[in-house]
Amino acid sequence: MSELSYLSAAELSTVGTPTLWAVTIGGVLALLVLDFLVTRRPHEVSLREAFAWSAFYIALPLAFGAWVWNRYDSELGVQYLTGYLVEKSLSVDNLFVFMLLLAAFAVPAVLAQRVLLYGIAGALVLRAVFIALGAAALETLDFAFLLFAIILIATAVKLLRDALTGHEQEVDINKMRSVRLLRRFMPVVDDYHGTRMTVRQSGRRALTPFALVVVAVLATDVVFAVDSVPAVYGITEDPYLVFATNAFALLGLRALYFVLHAALSRLVHLSYGLAVILAFIGVKLGLHWAHGVWAGVPQIPTLASLGVIIAVLAIVTITSLRATRTQQSEEREVVVERR
């Protein structure tokens, strides 16, 4: 978020012209359709394929960031890159939850990317809705930034509590509200039938496990949208840049999942890092709101925010890898001793 004076309802500005919005939304839809075409025939994703798609979906948003930097100014360029980094970090947490859901529902490897794609499509729709609601709140509510700050700090506290108790690593299908609700209205067969959501059994339409896991993934999308949209509004107040960062961060998740699948289980301190980042952005938003009320209250520059976010992510990555390496070494020693 730039160091501007407090914005009133009529002063919320954006670089997104109708043409730019149309081109961006059209591009996002085209990429989403392309992903659905790529996954129309279920297959197990090779590491080479995953790396190729991941490289494409990383190069694309970086190229867009360079365009924003050159077309407008360095300040907006830094805002976009910082927002993209925040959203990409949160999307990795999305992937970790998706990984737990896929394992809990015993999703076959050939169907995993189609489940992820439904989750990404649902997340894009939900983020668009929340971005519009966020923009409306910023234009009409003087305390919107304070409200966003409270949401982020509360989310950070929950993330930290879950990380300390290990709750975020548990998925009980039978306790999920979305699954229980579906089972109340329709029977569920035991086996997967490709990507089919329903099948006819004994003359009656029944849901497949594929339908259950898709609904479960979509339900988690709602939770992630609640904190991710206020987080990026804490970096930039431009609704267009908020949408762009969310869209680019989400589009590459399908391929990134297969690249990071093995590494995700090693990022044991990721939740701690995300808790720190969300709390930091919450404080940043709170200071921005207070600055509008009391001009003497300082604000946190976007460039400083970028430095903090990079430092936190680097630290939790290093500590996670060290912790899991130590644990693996201890496990090997135990095996050797037993022999």
My understanding is that only residues two or more places apart in sequence, or in another chain, count here; which of them pass side chain to side chain donor-acceptor pair (under 3.5 Å) with [X]?
| X | result |
| --- | --- |
| S74 | none |
| T245 | none |
| R180 | none |
| S320 | none |

Measure from the side-chain N and O atoms of [X] to the backbone N and O of [Y], and report whether any donor-acceptor pair falls under 3.5 Å.
| X | Y | value |
| --- | --- | --- |
| R161 | K158 | no |
| H291 | V297 | yes |
| Y80 | T236 | no |
| D93 | L270 | no |

Value rounded to 0.5 Å, distance of [atom1] in [X] from [atom2] in [Y]:
| X | Y | atom1 | atom2 | value |
| --- | --- | --- | --- | --- |
| L124 | F243 | CG | CZ | 6.5 Å |
| R183 | L207 | CZ | CG | 10.0 Å |
| S89 | I309 | OG | CD1 | 7.0 Å |
| L101 | L212 | CG | CG | 11.5 Å |
| S305 | I277 | OG | CD1 | 11.0 Å |
| H288 | I300 | NE2 | CD1 | 12.0 Å |

Quick check on the hydrophobic clustering: are [X] and [Y] connected, directly or via other members, by side-chain heavy-atom contacts under 4.5 Å?
| X | Y | answer |
| --- | --- | --- |
| V92 | L313 | yes |
| V215 | V129 | no |
| L160 | I153 | no |
| M186 | Y192 | yes |
| V268 | I318 | no |

Stepwise side chain to side chain contact (heavy atoms under 4.5 Å, CB included) check, V188 with L182 = CA-CA 9 Å; V188 180; L182 287 176; 5.8 Å; no
What I'd like to find out is whether the side chain of [X] reaches to under 4.5 Å of the side chain of [Y], using heavy atoms alone.
| X | Y | result |
| --- | --- | --- |
| V312 | F280 | no |
| V232 | L241 | no |
| D191 | P209 | no |
| M99 | L260 | no |
| Y233 | I281 | no |
| P187 | Q201 | no |
| V276 | V308 | no |

Qualifying residues under ring-ring contact (aromatic ring centres under 6.0 Å, His included), relative to F224, sequence neighbours excluded =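 Here no residue qualifies.
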Which residue pairs satisfy the side-chain hydrogen bond (donor to acceptor under 3.5 Å, both in side chains) criterion with at least one member in residues 45-70, sequence neighbours excluded?
->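 Counting only pairs at least two positions apart or across chains, the side-chain hydrogen bond (donor to acceptor under 3.5 Å, both in side chains) contacts touching residues 45-70 are D35-Y57, H43-E49.
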Could you note down all residue pairs passing side-chain hydrogen bond (donor to acceptor under 3.5 Å, both in side chains) where residues 144-156 supplies at least one of them, sequence neighbours left out?
->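 Listed once each, the pairs would be none.
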F64 and F248 aromatic centres sub-6.0 Å =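 For F64 and F248, the ring centres are under 6.0 Å apart.
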Ring centres under 6.0 angstrom apart (F143, W289) =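 For F143 and W289, the ring centres are not under 6.0 Å apart.
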Smallest separation among heavy atoms of [X] and [Y], with atom names:
| X | Y | answer |
| --- | --- | --- |
| A156 | L278 | CB-CB, 4.1 Å |
| A163 | S271 | CB-CB, 3.8 Å |
| A225 | R127 | CA-NE, 3.6 Å |
| V316 | T319 | O-OG1, 3.1 Å |
| K284 | G234 | NZ-O, 3.4 Å |
| A249 | S91 | O-OG, 4.0 Å |

Going through the distances and angles, do M197 and F210 end up as a side chain to side chain contact (heavy atoms under 4.5 Å, CB included)?
-> CA-CA 6 Å; M197 298 280 190; F210 185 83; 3.8 Å; yes
Determine the interplanar angle of the Y272 and H269 rings, folded into 0 to 90°, and report it as parallel if under 30°, tilted if 30 to 60°, perpendicular if over 60°.
->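 Y272 vs H269 ring planes: perpendicular.
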Mind checking what makes side-chain contact (heavy atoms from CB on, under 4.5 Å) contact with [X], not counting sequence neighbours?
| X | value |
| --- | --- |
| I310 | L85, L306 |
| V23 | T19 |
| L95 | F98, L253, L256, Y257, L264 |
| V283 | L287 |

Checking side chain to side chain contact (heavy atoms under 4.5 Å, CB included) for the pair V213/L111: CA distance, chi angles, key distance, verdict?
-> CA-CA 11 Å; V213 67; L111 300 179; over 6 Å; no
Going by atom type alone, with no hydrogens or angles, which donor-acceptor pairs under 3.5 Å involve a side-chain atom of residues 114-123 and a protein atom two or more places apart or on another chain?
unit_1	atom_1	unit_2	atom_2	d
R114	NE	T39	OG1	3.1
R114	NH2	F36	O	3.2
R114	NH2	T39	O	2.9
R114	NH2	T39	OG1	3.1

Pick from L31, N246, L34: which one makes a side-chain contact (heavy atoms from CB on, under 4.5 Å) with L251?
->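 One option only clears the test, and that one is L31.
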Verdict with reasoning, L159 to D227, per side chain to side chain contact (heavy atoms under 4.5 Å, CB included) = CA-CA 11 Å; L159 268 177; D227 55 71; over 6 Å; no
Should we count CZ of R205 as having more than 12 external heavy atoms under 6.0 Å?
->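 Above 12, so yes.
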